[in-house]
Amino acid sequence: MSAGEEAPSELIASRRRKLEALRAEGVEPFPHAFEGVKSVSVVKEPHAELADGEETTVGARIAGRLAARRGQGKNAFVDIVDRSGRMQLHARVDVIGEESFERLLSLDLGDLVGADGTVFRTRRGELSLRLQSWTLLAKSLRPPPDKHHGLTDLEARYRHRELDLMANEETRALFLTRAKVIATIRRKLDERGFVEVESPVLQPLYGGGAARPFVTHHNALNRDFYLRIAVELYLKRCMVGGLERVYELGKNFRNEGLSTKHNPEFTMLEWYEAYADYSDMAARCEELVSQVASEIGYDGPIDFSTPWARETLAGSIQARTDIDVLAHRDLDALRAAMRERELEVPDEQTWAQLVDHLLSKYVEPTLQQPTFLMDYPVELSPFAKRHRGDGDGSDNGLVERFEAFCGGMEIANAFSELNDPDEQRARFEQQRAAAAAGDAEAHPYDEAFLRALEQGMPPTGGIGIGIDRLIMVLTGRQSIRDVLLFPALRQP
RNA sequence: GCCCUUGUAGCUCAACUGGCAGAGCAGCGGACUCUUAAUCCGAAGGUUGAAGGUUCGAUUCCUUCCGGGGGCACCA
């Protein structure tokens with residue numbers, strides 16, 4: 001399995017001999033184009049009612065990978081697979097001629113071929129193409145995965161996704177679904193008057209989340225940049241600028257461990273809407289996701305229909321552990337309450353972290369159906385606005401923030417955005433103190449962002465949706481690696 | 001980082017308690033004009049992830065390392 005020194009393989013040598021033989025016969029093994037190709041599904045679609053054994057005069061040109069071959073005499077059946085499906089070709093030596101027939105039989109599985117023929121259905125009922133002529137479109141020099149069992153080895157599927165895609169129809173279907181999810185999201189947001197923006201991936205200062213960043217270096221400027229961990233702060237500057245409704249859909253990067261729910265680069269959607277708050281974000285979120293689910297024909301155990309369940313964070317913890325975290329509003333009190341109920345007390349250093357622990361251990365795994373958890377502690381939320389409470393100032397140290405959960409994991413995070421520059425500055429000061437105390441994920445102080453807020457940002461609702469996780473939920477996958485074409489792996 | 005588990009032919013998988021590493025598909029040679037996991041005949045294909053160790057003998061037992069999966073930790 002070394003990349004450099006290739007083990008000598010008779011299988012590869014055989015394919016190379018065929019390649020040279022073709023060239024010697026004057027056949028170009030890598031032609032430039034093949035015009036007028038129709039997809040297999042388009043060719044098949046009008047002939048669904050064709051009777052067994054019936055011929056048509058409908059000509060069609062298809063192209064794809066040679067996936068199987070049956071019959072080697074004076075006729076042969078070969079299967080061509082394209083993105084849309086599989087179609088059988090029937091080749092007869094008395095139709096296509098001796099030379100073309102022999103050459104067809106000498107093809108290797110995996111070769112790319114183009115075919116012209118007429119549509120017919122075999123006596124056994126297979127809608128096929130009566131081959132008139134064919135062309136080699138690209139020679140394949142390596143053996144494809146097993147034609148029947150496909151490729152099942154997970155490591156091979158992740159490292160060589162091209163093999164997974166060519167061998168496993170479900171893999172192709174999954175990534176087509178992924179594309180449809182993303183296209184639908186864009187369309188829905190565009191329809192609602194959101195403008196798509198692109199903020200820097202290389203940032204002088206990272207921000208918008210609690211995470212460790214990747215650091216890189218720009219040679220000409222002789223300075224370091226961070227790969228963004230979120231787009232939040234830039235999009236809010238767009239809001240200050242008056243764009244009113246903006247979104248960005250792109251990659252974020254976090255320098256953390258890998259897991260079934262975490263990849264170091266992942267796709268995030270964030271949008272911001274002027275004159276809206278977190279309740280409006282929840283309504284838009286559940287509407288968008290349920291529309292996407294129906295658009296892709298989701299048919300699984302999760303009910304995405306609106307409205308989704310809503311609980312408060314504190315209420316959700318109390319329901320599952322019998323602990324009211326708001327009645328034990330400091331570290332020692334909460335620890336005591338946990339001990340009293342014989343819960344394991346981890347080594348967390350702050351009340352907020354302990355709340356976060358209770359959430360992820362006792363609540364999150366139970367949230368299979370879509371659920372919003374509302375109203376988070378301010379300590380966990382440096383960019384969210386204080387809770388309006390009941391108008392009597394009794395906000396309990398909470399902010400207007402929710403996270404959406406589904407399939408036992410977080411898929412979205414939203415707030416009524418903090419737009420008071422002085423309070424934002426104070427929050428940054430707290431983060432600075434946390435960093436000084438050793439918190440590696442503390443948020444860095446961002447003066448440019450504060451300066452923008454001082455220009456005045458409208459009341460704004462904002463949200464981030466983890467697209468990879470959303471696709472996991474929509475496709476029923478347990479690992480984020482299954483929904484990423486090329487997941488991060490160790491060096492082989 | 002820790003724990004469990006896993007790695008055999010190009011692919012999919014066997015190999016009992018330690019006893020000659022095997023099959024299907026693919027590939028190679030041949031037969032076959034409606035097959036579809038085509039069929040039939042023949043020949044071939046291996047440093048069992050790597051390196052050590054125990055043993056008369058290791059795919060099998062032990063150690064270390066590398067890769068994958070799961071869990072914990074870390075982390076949204």
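Within every chain, numbering begins at 1; the chains are lettered A, B, ... in the order of the sequence lines, protein sequences first and strands thereafter.
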Please name all residues satisfying side chain to side chain contact (heavy atoms under 4.5 Å, CB included) with [X], sequence neighbours left out, ordered by chain then number.
{"X": "Ser128(A)", "value": "Gln88(A), Phe120(A), Thr122(A), Glu126(A)"}
{"X": "Ala167(A)", "value": "Pro145(A), Leu151(A)"}
{"X": "Pro46(A)", "value": "none"}

Among residues at least two apart in sequence or on other chains, which ones pass ring pair (Phe, Tyr, Trp, His ring centres under 6.0 Å) with [X]?
{"X": "Trp351(A)", "value": "none"}
{"X": "Tyr234(A)", "value": "none"}
{"X": "Phe486(A)", "value": "none"}

Kindly write out the residues that satisfy salt bridge (charged side-chain N to carboxylate O under 4.0 Å, His left out) with Arg123(A), not counting sequence neighbours, or none if the list is empty.
->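 Arg123(A) satisfies salt bridge (charged side-chain N to carboxylate O under 4.0 Å, His left out) with no other residue.
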Using whole Å, report how far CG of Asp153(A) lies from C1' of A9(B).
->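 In whole Å, A9(B) C1' and Asp153(A) CG are 14 Å from each other.
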State whether Phe415(A) and Arg401(A) meet the cation-pi test: NZ (Lys) or CZ (Arg) under 6.0 Å from the six-membered ring centroid, and within 45° of the perpendicular axis.
->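 Verdict for Phe415(A): no cation-pi partner in Arg401(A).
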Nucleic acid contacts - residues 249-266 of chain A versus RNA chain B, non-hydrogen atoms under 4.0 Å =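 Arg254(A), Glu256(A), Thr260(A), His262(A) - these, ordered by number, are the residues of the stretch whose heavy atoms sit under 4.0 Å from the strand.
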Positions of residues 13-23 of chain A (non-hydrogen atom under 4.0 Å from RNA chain B), listed by number =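 Under 4.0 Å from RNA chain B: Ser14(A), Lys18(A).
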Might you list the N or O atoms of the protein lying below 3.5 Å from N or O atoms in nucleotides 64-67 of chain B, with each pair's distance?
residue: G67(B); atom: O3'; partner: Arg159(A); partner atom: NH2; Å: 2.8
residue: G67(B); atom: O2'; partner: Glu155(A); partner atom: OE1; Å: 3.3
residue: G67(B); atom: O2'; partner: Glu155(A); partner atom: OE2; Å: 2.1
residue: G67(B); atom: O2'; partner: Arg159(A); partner atom: NH2; Å: 3.1

Take Ala211(A) and Thr122(A), find for each the nucleotide of RNA chain B with the closest heavy atom, and name the residue whose nucleotide sits nearer the 5' end.
->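 Taking each residue's closest nucleotide, the earlier one in sequence belongs to Thr122(A).
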Sequence neighbours left out, what passes side chain to side chain donor-acceptor pair (under 3.5 Å) with Tyr247(A)? Give chain and number order.
->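 Applying side chain to side chain donor-acceptor pair (under 3.5 Å) to Tyr247(A) gives Asp190(A), Glu196(A).
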For Arg329(A), what residues pass the side chain to side chain donor-acceptor pair (under 3.5 Å) criterion, not counting sequence neighbours?
->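 Partners of Arg329(A) by the side chain to side chain donor-acceptor pair (under 3.5 Å) criterion, ordered by chain and then number, come out as Glu379(A).
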